[in-house]
Amino acid sequence: MNATILVRVQTADFDVGAELERLEALGGGAVASFTGVVRGGDGLEALELEHHPALTEAMMTRIAQEAAARWPLLGVTAIHRHGRLVPGQRIVLAAAAAPHRAAALEATSFLIDWLKTRAPFWKKEHFADGASRWVEARAEDDAAAARWDAKRT
Amino acid sequence: MNATILVRVQTADFDVGAELERLEALGGGAVASFTGVVRGGDGLEALELEHHPALTEAMMTRIAQEAAARWPLLGVTAIHRHGRLVPGQRIVLAAAAAPHRAAALEATSFLIDWLKTRAPFWKKEHFADGASRWVEARAEDDAAAARWDAKRT
Amino acid sequence: MAIELLYFARIREAIGRSAETVSPPAEVATVAALVDWLAARGGGYAEAFADRSRVRAAIGDGFVAPDAPIAGAREVALFPPVTGG
Amino acid sequence: MAIELLYFARIREAIGRSAETVSPPAEVATVAALVDWLAARGGGYAEAFADRSRVRAAIGDGFVAPDAPIAGAREVALFPPVTGG
């Protein structure tokens with residue numbers, strides 16, 4: 001199965017409905033998605049997302065290709081924003097189209113786990129009181145990504 | 001956590017982007033979705049979806065509530081169409097919003113597995129040559145649904 | 001005891017109607033017995049219920065097992081395993 | 001041997017620049033040795049690389065392990081564990 005891969009790194013927002021419609025149109029019958037949104041609270045004013053421009057697209061494409069190699073997919077979409085984002089704004093979209101729902105859902109789960117641990121983005125939190133701090137990588141994200149090392153379906 | 005539950009049974013199409021935006025607005029940061037689309041091929045002209053009007057919404061609501069009882073969710077959406085649908089048209093949407101991606105993704109997977117085996121819908125296939133046949137329930141759907149009997153997270 | 005029966009999908013088509021009111025004898029106490037009693041009518045009923053493993057039932061707002069009692073039920077729905085989603 | 005270094009996130013801020021060209025001595029053969037050599041400069045460099053377990057590297061278009069050789073690399077990126085998604 002030859003999967004249509006779409007990877008984008010951008011500052012602009014994306015249209016989830018339009019992206020999923022593109023995947024639906026591939027004819028697989030099953031489309032799954034994950035959307036990450038900036039969560040507010042604790043006085044968070046904005047997130048600043050830094051990335052490694054020369055590397056990001058190549059890494060994201062490789063992650064999408066890996067998903068397509070592991071599951072029978074018709075399409076894989078991975079979109080990640082960078083720059084300044086405020087609570088409520090979308091950060092990332094991972095989505096997959098397949099002939100079977102398990103493949104679409106598992107591939108989506110895989111995509112977001114790997115994007116979180118293998119795509120060169122870094123988040124800095126800016127708070128209302130003027131403070132700011134870099135988000136620390138979480139051990140549970142590594143554990144979530146490592147699940148896929150053992151398991152090939 | 002009190003989840004906002006939205007269940008709809010309708011002949012009309014639904015707007016995936018708008019539904020997911022509603023879930024994003026709940027502030028959880030993680031939204032997952034599954035969309036089922038009529039798959040063409042083998043001369044399929046249309047699917048006819050029959051349902052049990054008095055029972056359908058109650059069953060779908062119960063499935064959504066069960067998801068909200070099993071995972072820390074902010075929102076659950078389940079929309080299922082009935083009537084005549086042609087290849088490429090959407091049939092079903094299952095989606096969940098949560099503070100964590102694993103909860104959103106697993107709940108979505110659970111929702112579609114249970115919708116397929118516990119919501120009173122029946123599919124009839126109509127072919128271009130005039131033939132028609134009722135879709136048989138698949139053992140693998142029962143197996144997928146049964147996964148969730150053993151596992152509570 | 002009058003019970004409203006609802007039929008769906010393949011079972012509805014085999015029987016040729018989507019609903020009817022029946023009054024089974026008192027010894028027909030469970031869903032399984034009700035199905036046996038209906039199948040004994042022959043014709044479309046026998047065809048509809050030929051494979052008991054492919055018959056499901058709902059009473060009130062939930063699915064029930066074959067051994068569920070029908071006493072007090074005003075409405076019983078009989079249908080094949082569901083295939084939505 | 002001149003190498004272009006790229007710094008990101010916390011490491012970029014501690015060092016105070018996002019890129020620079022360095023010419024480490026020949027015995028600096030791996031990413032880990034390069035990090036040691038940079039940290040030995042003290043100041044922001046020492047701070048940036050104080051916790052080696054929180055330093056990652058990329059050469060070309062892929063992440064590499066600390067023992068990856070830097071011979072032939074034109075560009076080495078040094079950064080904390082990623083936190084996107």
Side-chain angles (χ1 to χ4, degrees), chain A residues 13-41 44 47 74-75 85 87-113 115-116 138 140-141 143-145 147, chain B residues 13-41 44 47 74-75 85 87-113 115-116 138 140-141 143-145 147:
Chain A
D13 192 15
F14 45 83
D15 180 337
V16 177
E19 296 303 336
L20 297 187
E21 204 150 329
R22 191 200 309 271
L23 289 170
E24 289 169 17
L26 298 174
V31 174
S33 78
F34 176 84
T35 310
V37 176
V38 181
R39 201 161 23 155
L44 184 78
L47 270 189
L74 289 166
L85 298 172
Q89 288 191 303
R90 284 175 280 265
I91 306 172
V92 65
L93 176 70
H100 298 291
R101 71 185 185 284
L105 283 159
E106 286 177 23
T108 297
S109 193
F110 167 85
L111 284 167
I112 188 65
D113 282 348
L115 283 171
K116 278 195 173 272
R138 300 185 314 162
E140 66 195 81
D141 284 336
R147 286 189 298 156
Chain B
D13 191 16
F14 45 82
D15 180 337
V16 177
E19 296 302 336
L20 298 186
E21 205 151 327
R22 190 200 310 272
L23 288 170
E24 289 170 15
L26 297 174
V31 174
S33 78
F34 176 84
T35 310
V37 176
V38 180
R39 204 165 17 160
L44 184 78
L47 271 189
L74 289 165
L85 298 172
Q89 288 192 302
R90 284 174 280 265
I91 307 173
V92 64
L93 175 69
H100 299 289
R101 71 184 185 284
L105 283 159
E106 287 178 23
T108 297
S109 194
F110 167 86
L111 285 167
I112 188 64
D113 282 349
L115 283 171
K116 277 193 173 273
R138 301 185 314 162
E140 66 195 80
D141 284 336
R147 286 190 299 156

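Keep in mind that what you see is a predicted model, and the values were worked out from it rather than measured. Order of the sequence lines sets the chain letters (A, B, ...), proteins ahead of strands, with each chain counted from 1.
- Distance NE2/A:His100 to CZ/B:Arg39: 5.5 Å, rounded to 0.5 Å.
- For a residue to count as touching a neighbouring chain, one of its non-hydrogen atoms must lie under 4.5 Å from one of that chain's; by this rule A:Val31 touches chain B with backbone and side chain alike.
- For the atom pair A:Arg101 CZ and B:Leu115 CG, the distance stands at 9.5 Å (nearest 0.5 Å).
- Most heavy-atom pairs under 4.5 Å with chain B: of the set A:Ser33, A:Ala94, A:Ala32, this distinction falls to A:Ser33.
- The choice from A:Ala25, A:Gly17, A:Pro99, A:Ala102 that makes the most heavy-atom pairs within less than 4.5 Å of chain B is A:Pro99.
- Between chain A and the options B:Asp113, B:Leu23, B:Val16, B:Asp15, the largest number of non-hydrogen pairs under 4.5 Å is found for B:Asp113.
- Rounding to the nearest 0.5 angstrom, the gap separating the CD atom in B:Glu24 from the CD atom in A:Gln89 is 11.0 Å.
- Annotation: the span from A:Leu20 atom CG to B:Leu20 atom CG amounts to 6.5 Å, rounded to 0.5 Å.
- For a residue to count as touching a neighbouring chain, one of its non-hydrogen atoms must lie under 4.5 Å from one of that chain's; by this rule A:Pro87 does not touch chain B.
- Residue with the most contacts toward chain B among A:Gly27, A:Ala18, A:Gly28, A:Ala97: A:Gly28 (heavy-atom pairs, distance under 4.5 Å).
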